[in-house]
Enquirer: 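Have a look at this one.
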Amino acid sequence: MPLAHEEHGTGPAVVLLHGFPFDRTIWHAQARALQGHFRVILPDFAGFGASAHLTPDATIDDMADAVVALLDALHITDPVVLGGLSMGGYVALAAAVRHRARLRALMLIDTKAAADTPEAAANREKTAAAVVASRDVVPVVDGMIPRLFGPITRERHPEILAPVRALMLRSSPEAIAGALRAMAVRPDRTAILPALDLPTLVVVGEDDVISTPDEARDIVAALPNAQLTVIPRVGHMAVVEDSPAVNAALATFLHDLPTPRARPIRP
Ligand code: MLT
């Protein structure tokens, strides 16, 4: 069954992949901003949002294949722009390796190319086992919240945190555990970056402590055709902490992309 998804607008396809543990709705501000010129497609990864059915033991590569299967189901054969927030960025990079011909450009938002350290991977495995055993997602969610948002958002705009926390709490223990295990075993993608010729926009919150500005700069330096936008005064959740700034960066990048070549007409 293809991934559940929402579509907004018409035009060249832009697919936005959510992070962990969110769902497609994390992109609503971006969809509203882009739908006037683009066909914005927001999938839910398996187990999250309306894609309730979990694929057990799915890897990040499997998640990339599922996104391409959704494009197939939608009969989208022209290359798309693929954007990913954090875990969605890991999936976008996997798609760039596995399905290069289906992509026109990448937008990597508050994400990284490196794999987990052994300690981080072991922690994820421990957390995955604990959340399945306890069936209580609150400790995982509340453990993440302080690191997701920048200090300025936490102090001055606490109203931004509550809806994101509520969204995270809707995730099932199984979906959380599955995604944690997928992220723990994901490969390091840094070595493939120099050969990845897709036009790429890298966006990072200035105060992101999960995927740092230094990591974003490293990605841009390694890629042959990439540009960086640092969003001031926000953390990992730049897409909700300062959606107007993120939307402006995405819109400028998308409008500047070379027009997709017309497909050859076969008799
Ligand atoms: C995310 O936002 O998707 C996660 O923080 C990514 C991660 O835990 O590596």
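If you read the sequence from its start, that first residue is 1, and numbering goes on from there. The model shown is predicted, which means the values in this text are computed figures rather than measured ones. Order of listing sets the numbers, starting from 1, for every ligand and every atom in it.
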Enquirer: Counting non-hydrogen protein atoms only, what is the nearest one to atom 6 (C) of ligand 1? Give residue, atom name and distance.
Expert: Ser86 OG, 3.0 Å
Enquirer: Number the atoms of ligand 1 from 1 as they appear, then name those within less than 4.0 Å of a heavy atom of Tyr90, with their elements.
Expert: 6 (C), 7 (C), 9 (O)
Enquirer: Show me which atoms of ligand 1 lie under 4.0 Å from any heavy atom of Met87.
Expert: 1 (C), 3 (O)
Enquirer: Is the closest basic N to carboxylate O distance between Arg170 and Asp44 below 4.0 Å?
Expert: no
Enquirer: Quick check on His18 - does any of its heavy atoms sit under 4.0 Å from an atom of ligand 1?
Expert: no
Enquirer: Out of all atoms in ligand 1, which are within 4.0 Å of some heavy atom of Gly19? Include the element for each.
Expert: 3 (O)
Enquirer: On the 0 to 90° scale, with breaks at 30° and 60°, tag the His8-His28 ring pair as parallel, tilted or perpendicular.
Expert: perpendicular
Enquirer: Applying side chain to side chain donor-acceptor pair (under 3.5 Å), name anything that partners His5, two or more places apart in sequence or on another chain.
Expert: none
Enquirer: Looking only at protein heavy atoms, identify the closest one to atom 5 (O) of ligand 1 and say how far it is in Å.
Expert: His236 NE2, 3.5 Å
Enquirer: Establish, yes or no, whether the cationic atom of Arg154 lies under 6.0 Å from the six-membered ring centre of Phe149 and within 45° of the ring axis.
Expert: no
Enquirer: For Phe20, take its heavy atoms, then give the atoms of ligand 1 lying under 4.0 Å from any of them.
Expert: 1 (C), 2 (O), 3 (O), 4 (C)
Enquirer: Specify the protein heavy atom at minimum distance from atom 8 (O) of ligand 1: its residue, its atom name, and the distance to 0.1 Å.
Expert: Arg124 NH1, 2.8 Å
Enquirer: Let's go through His18 and Phe48 carefully: what are the C-alpha distance in whole Å and the side-chain angles of both, what is the deciding distance for ring-ring contact (aromatic ring centres under 6.0 Å, His included) to 0.1 Å, and is it a yes or a no?
Expert: CA-CA 10 Å; His18 65 80; Phe48 293 95; 5.7 Å; yes
Enquirer: Can you tell me if CZ on Arg39 sees more than 12 non-hydrogen neighbours from other groups inside 6.0 Å?
Expert: yes
